Each structure stands twice: as C-alpha cells, then as structure tokens.
S.K.: 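Encoded as structure tokens, here's the structure I'll be asking about.
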Amino acid sequence: MGAISEEHFDQTFALNVKGLLFTVQKALPLFTDGGSIILNASMAGSKGMPAFSVYAASKAAVRSFARGWASDLKDRKIRVNAVSAGVIPTEGYSKAGLTQEQIAGFAAQMIPAIPAGRVGSPEEIAKAVLFLASDDASFVNGIDLFVDGGMAQI
C-alpha cells in the first residue's frame, strides 16, 4: 500500500460519501412516495484492486447507504438501489488528468480481467439505471447491480 495523503482521502470521501449523503437528505422532501433513488457505486467497492483502496472504501459506503436507506424509506415505498459500474471510459478520466493515450492503455490493460472481453459504455450504465428507475423494477430494492461485464464476479 502506498502513502495516501489526508487531502486525497478527504476529497474522495467528501465527494463520494458526504456529498451523496447530504444531497439525498436535501432531496428527500421533494420525493413523492413510491419513488426510486439510484446511487452511483462501483465494482471497485467490492473487488480489491491495487491503488484503489480509498476510492473503493468510499464506494463501499455508497453500497451501504443503498441497504440502509432501502430499510429507512420503506414506509414511503421509496426504493433505493446502487449501480456498480465497471471499466467505463468517460471524460471523467480526462478530468482526472489522464491523456487519451493513458485512458486507452488503462482500458486495454483491464480487458483481460473482464469476462465480457471489453470495457463498457456510458449508454450501458444508463440502461441499467433506467431499468431500476422504471416500474419494471418495482420489486427490486436495496440491491447493488453490477454493470461490469462480470469483472467483479470472478
């Protein structure tokens, strides 16, 4: 394990845990009974990966929120689920300072660990979220839906 700065830890948890908690808390009065909340988790929160321990811990907290809030909000019939995305190259990688070449290299390096044999797309994540938000998922509550090509399952 490499050295992790307190600043990195604080920033990661502020964004992924604290920000999520207070956003949902402020939004809840606007929710109608029977609504659906879908949280953005990550397969990294369930699979030990080198150099991702702080990020993984913050996403594991997101998963825990889905479970707890599904129970907390049952009287309002608000469903709470999480989506754990796998390797999905997006502009977020660029915003983190990676070049297009580095992003492509990272994706290529990860493909052998993905049973589907490829990285995913933002559209595939969107379809999973759309399902969880729909009436088709009316009996789905408190889950962590992995949209990762099977990476966290092996």
Side-chain angles (χ1 to χ4, degrees), residues 1-4 8-9 11-21 23-24 27 31 34-74 77-154:
M1 177 177 85
I4 297 168
H8 172 71
F9 178 89
Q11 287 175 343
T12 302
F13 270 76
L15 177 65
N16 294 333
V17 181
K18 185 177 180 181
L20 175 63
L21 169 66
T23 298
V24 171
F31 267 77
S36 177
I37 298 171
I38 298 112
L39 307 177
N40 184 21
S42 170
M43 55 69 77
S46 296
K47 186 170 180 78
M49 297 173 62
F52 280 88
S53 60
V54 172
Y55 176 77
S58 73
K59 291 301 186 172
V62 171
R63 170 64 181 108
S64 184
F65 280 150
R67 287 180 177 157
W69 293 344
S71 182
D72 290 342
L73 297 170
K74 68 181 179 183
K77 298 186 179 17
I78 295 174
R79 296 179 297 111
V80 184
N81 294 294
V83 171
S84 281
V87 181
I88 313 291
T90 65
E91 66 183 52
Y93 288 94
S94 298
K95 290 181 180 178
L98 296 175
T99 66
Q100 289 302 315
E101 184 178 280
Q102 290 171 318
I103 296 168
F106 172 72
Q109 180 182 2
M110 299 307 292
I111 287 172
I114 304 170
R118 64 179 178 82
V119 297
S121 71
E123 293 79 12
E124 289 171 309
I125 303 302
K127 288 175 185 178
V129 170
L130 184 60
F131 166 71
L132 289 174
S134 76
D135 289 339
D136 290 340
S138 63
F139 200 58
V140 179
N141 197 8
I143 70 156
D144 188 2
L145 178 61
F146 286 81
V147 185
D148 68 349
M151 187 174 181
Q153 307 310 312
I154 61 165

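Residue indices begin at 1 and follow the sequence shown. Fair warning: this is a prediction, and the values are worked out from it, not measured in the lab.
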S.K.: Under the rule for ring-ring contact (aromatic ring centres under 6.0 Å, His included), what residues qualify as partners of Phe13, not counting sequence neighbours?
M.R.: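 Applying ring-ring contact (aromatic ring centres under 6.0 Å, His included) to Phe13 gives Phe9.
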
S.K.: Could you tell me which non-hydrogen atom of Pro89 sits nearest to which non-hydrogen atom of Ile103, and how far apart they are?
M.R.: CB-CG2, 4.1 Å

S.K.: Does Ser121 offer a backbone N or O that forms a donor-acceptor pair with the side chain of Glu124 under 3.5 Å?
M.R.: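 Yes.
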
S.K.: Kindly indicate whether the side chain of Ser94, heavy atoms from C-beta on, has any atom under 4.5 Å from the side chain of Gln100.
M.R.: yes

S.K.: Donor-acceptor pairs are to be reported for all side-chain atoms of residues 145-154 against protein atoms at under 3.5 Å, with residues two or more places apart or in another chain.
M.R.:
unit_1 : atom_1 : unit_2 : atom_2 : d
Asp148 : OD1    : Gly150 : N      : 2.9
Asp148 : OD2    : Ala152 : N      : 2.8

S.K.: Give the minimum heavy-atom separation between Asn40 and Val62, together with the two atoms involved.
M.R.: O-CG1, 3.8 Å

S.K.: Rounded to the nearest 0.5 Å, how far does CG of Asn16 lie from CG of Leu39?
M.R.: 11.5 Å

S.K.: Give a yes or no answer on whether the side chain of Ser46 reaches the backbone of Met43 with a donor-acceptor pair at less than 3.5 Å.
M.R.: no

S.K.: Check Ile111 against Gly117 and note the closest heavy-atom contact, atom names and distance.
M.R.: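 Taking Ile111 first and Gly117 second, the nearest heavy atoms are CG2-O, 3.4 Å.
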
S.K.: Let me confirm one number: the CD1-CE distance from Ile114 to Met110, rounded to the nearest 0.5 Å.
M.R.: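 Atom-to-atom, Ile114:CD1 and Met110:CE are 6.0 Å apart.
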
S.K.: How long is the straight-line distance from CG of Asn141 back to CG of Asn81, given to the nearest 0.5 Å?
M.R.: 5.5 Å

S.K.: To check you understand the geometry: which heavy-atom pair defines the closest contact between Leu132 and Ala82, and what is its length?
M.R.: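 Nearest heavy atoms, Leu132 then Ala82: CD1-O, 4.3 Å.
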
S.K.: According to salt bridge (charged side-chain N to carboxylate O under 4.0 Å, His left out), does anything in residues 77-95 pair up with another residue at least two apart or in another chain? List the pairs.
M.R.: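 Of all non-adjacent pairs touching residues 77-95, those that pass salt bridge (charged side-chain N to carboxylate O under 4.0 Å, His left out) are Glu91-Lys95.
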
S.K.: Does the side chain of Phe106 come within less than 4.5 Å of Val87's, by heavy atoms?
M.R.: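 With C-beta onward as the side chain, the pair touches.
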
S.K.: Using atom types as modelled and distance alone, determine if a side-chain donor or acceptor of Ser71 lies under 3.5 Å from a backbone N or O of Gly68.
M.R.: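 Absent.
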
S.K.: Please report the interatomic distance CD1(Ile125) to CG(Leu130), rounded to the nearest 0.5 Å.
M.R.: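 It is 13.0 Å, given to the nearest 0.5 Å.
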
S.K.: If we only count heavy atoms from C-beta on, is the Val17 to Leu21 side-chain gap below 4.5 Å?
M.R.: no

S.K.: Nearest 0.5 Å please: distance from the CD1 atom of Ile78 over to the OG atom of Ser36.
M.R.: 9.5 Å

S.K.: What are the two closest non-hydrogen atoms of Tyr93 and Ile88, and how far apart are they?
M.R.: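 So the minimum-distance heavy-atom pair works out to CE1-O, 3.2 Å.
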
